Number of protein chains: 2
Amino acid sequence: MSAVRLLVLGMVRMLGRAHGYAVHRELTSWQIDTWTSVKPASLYHALKQLAKEGKLRTAGMESSPEGPGRTVYEITAAGDVEFFGYLEGALRSIDIEELGAGFAFMQALPRARVLALLREQLRQTEAVRDDLKTMMSDHPVRDKPPYSQDLLGLWSRSFGANAEWSRSLIERLERGEYSFTRD
Amino acid sequence: MSAVRLLVLGMVRMLGRAHGYAVHRELTSWQIDTWTSVKPASLYHALKQLAKEGKLRTAGMESSPEGPGRTVYEITAAGDVEFFGYLEGALRSIDIEELGAGFAFMQALPRARVLALLREQLRQTEAVRDDLKTMMSDHPVRDKPPYSQDLLGLWSRSFGANAEWSRSLIERLERGEYSFTRD
DNA sequence: ATATAACTACTCAAGCTTGAGTAGTATGGA
DNA sequence: TCCATACTACTCAAGCTTGAGTAGTTATAT
């Protein structure tokens, strides 16, 4: 799963009704482009695809004062289910882009659920980091491609940094920071 | 650019002649799957595409003792140019997957060139990390989606970890570790 | 003897991504 | 006034990715 579907579904859900350009505009205002790349064409594709799958419904065409007509979308019941599925997956994900997208929408879940998911994601991330470290010491230092020991080091550092972030986020959530609509 | 083209081109170049399954087998033996995902179908697509573009040439069909016939590829002069282009791009890239793929093939360049490229990639990575940190302090702490401050923190930590790795790699290269065929 | 799993080698279709393009409206400056 | 730029809103085609499938061969165990 790429983060785009979650982002599109979540944004339409949050806005109530939205056309493609509005979704793009909002995501851009979130400065999503600094941490993941969401090109307009991908958003439009995701909207169409989600509509085709019945996760979104087209709520008519508006002709806006400025510019061409636009297709307005709303989320469906099936879309809501899909959204929460993606959201839970993202908050558990060791992929930094997915995790980021999930985090952005976390207020849709109760605090306790977010904490449970993030604790699992932390456990997973640390497990991967440790596995990579173990593989690293299993690898004799070999001065030839692909220099696996160093490559494993690059990735274990990266997962280590992500784990630190998750740990500090979990602590802040436990201290009662951030507000949740469903608490 | 995804890392797949570099990986395929580099592997065919390194092996001299290779069919799709051999490329996949070698990359798997590199445990490339621990740090990037290269699914067989992507490799076959890349081989065909590179052949179509004249970067690879098909050097006949072999019928192997075990299993079906296989198409053997060789790199062309244009492919060699492409390879070095990708390689230099990858060693300068702030994308961890590209950087990893470039690093795996670094022995194809002289040590001094690798050092120059990695110094540039370190500079770039640190610049991005610092930009993200600056943006973070520009963002008032706002308890609402998408929690930009925290998201920026996640990414700056990640780039920070990558920068540390690059710095230590550069040091090892300066101390004369790793051997280079073209020195 | 036999089935079942693993290996060899690739193909296909559906979906995803993206640079480029289209087309109209508004806006600001010379 | 007129030109260039930017904004609104989306489309298209080419290429990329991937789960699943195909089809034969060989080892493994029962």
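Everything numeric here is computed off the predicted structure, so don't read it as measured data. Every chain is numbered from 1 and lettered A, B, ... according to where its sequence line falls, protein lines coming before strand lines.
Listed pair B:Lys52 / D:dG15 meets the phosphate criterion, a side-chain N or O lying under 4.0 Å from OP1 or OP2. In this model, the phosphate group of C:dC10 is not approached by any side-chain N or O of B:Tyr21 to a distance below 4.0 Å at OP1 or OP2. Applying the 4.0 Å criterion to OP1 and OP2 of C:dA9, one finds that B:His24 has every side-chain N and O outside that range.
Atom pair A:Lys48:NZ and D:dA13:P shows a separation of 11 Å (rounding to whole Å applied). For the pair A:His19 NE2 and D:dT8 P, the interatomic distance rounds to 10 Å; values are reported in whole Å. The CD atom of A:Glu26 sits 12 Å away from the P atom of D:dT8 (whole-angstrom rounding).
Not counting sequence neighbours, the partners of B:Glu88 by the side-chain contact (heavy atoms from CB on, under 4.5 Å) test are B:Arg92, B:Leu109, B:Arg113, B:Leu117.
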Taking it one step at a time, do A:Asn162 and A:Ile94 satisfy side chain to side chain contact (heavy atoms under 4.5 Å, CB included)?
CA-CA 8 Å; A:Asn162 297 357; A:Ile94 63 169; over 6 Å; no
query = Where do B:Trp30 and B:Phe105 land on the ring-ring contact (aromatic ring centres under 6.0 Å, His included) test, with the steps shown first?
reply = CA-CA 12 Å; B:Trp30 278 13; B:Phe105 288 113; 5.3 Å; yes
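Of the charged side-chain nitrogens involved, at least one lies within less than 4.0 Å of a carboxylate oxygen, so that B:Arg119 and B:Glu174 count as a salt-bridged pair.
A donor-acceptor pair under 3.5 Å is absent between the side-chain atoms of B:Arg13 and the main chain of B:Phe83, judged by distance alone.
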Quick one: which protein N/O atoms are closer than 3.5 Å to N/O atoms of nucleotides 16-19 of chain C? Pair and distance per line, please.
{"residue": "C:dC16", "atom": "OP1", "partner": "A:Arg5", "partner atom": "NE", "Å": "3.4"}
{"residue": "C:dC16", "atom": "OP2", "partner": "A:His45", "partner atom": "NE2", "Å": "2.8"}
{"residue": "C:dT17", "atom": "OP1", "partner": "A:Ser2", "partner atom": "OG", "Å": "3.2"}

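For the residue pair A:Ser166 / A:Gln121, a side-chain donor-acceptor distance below 3.5 Å is found, with atom types taken as modelled.
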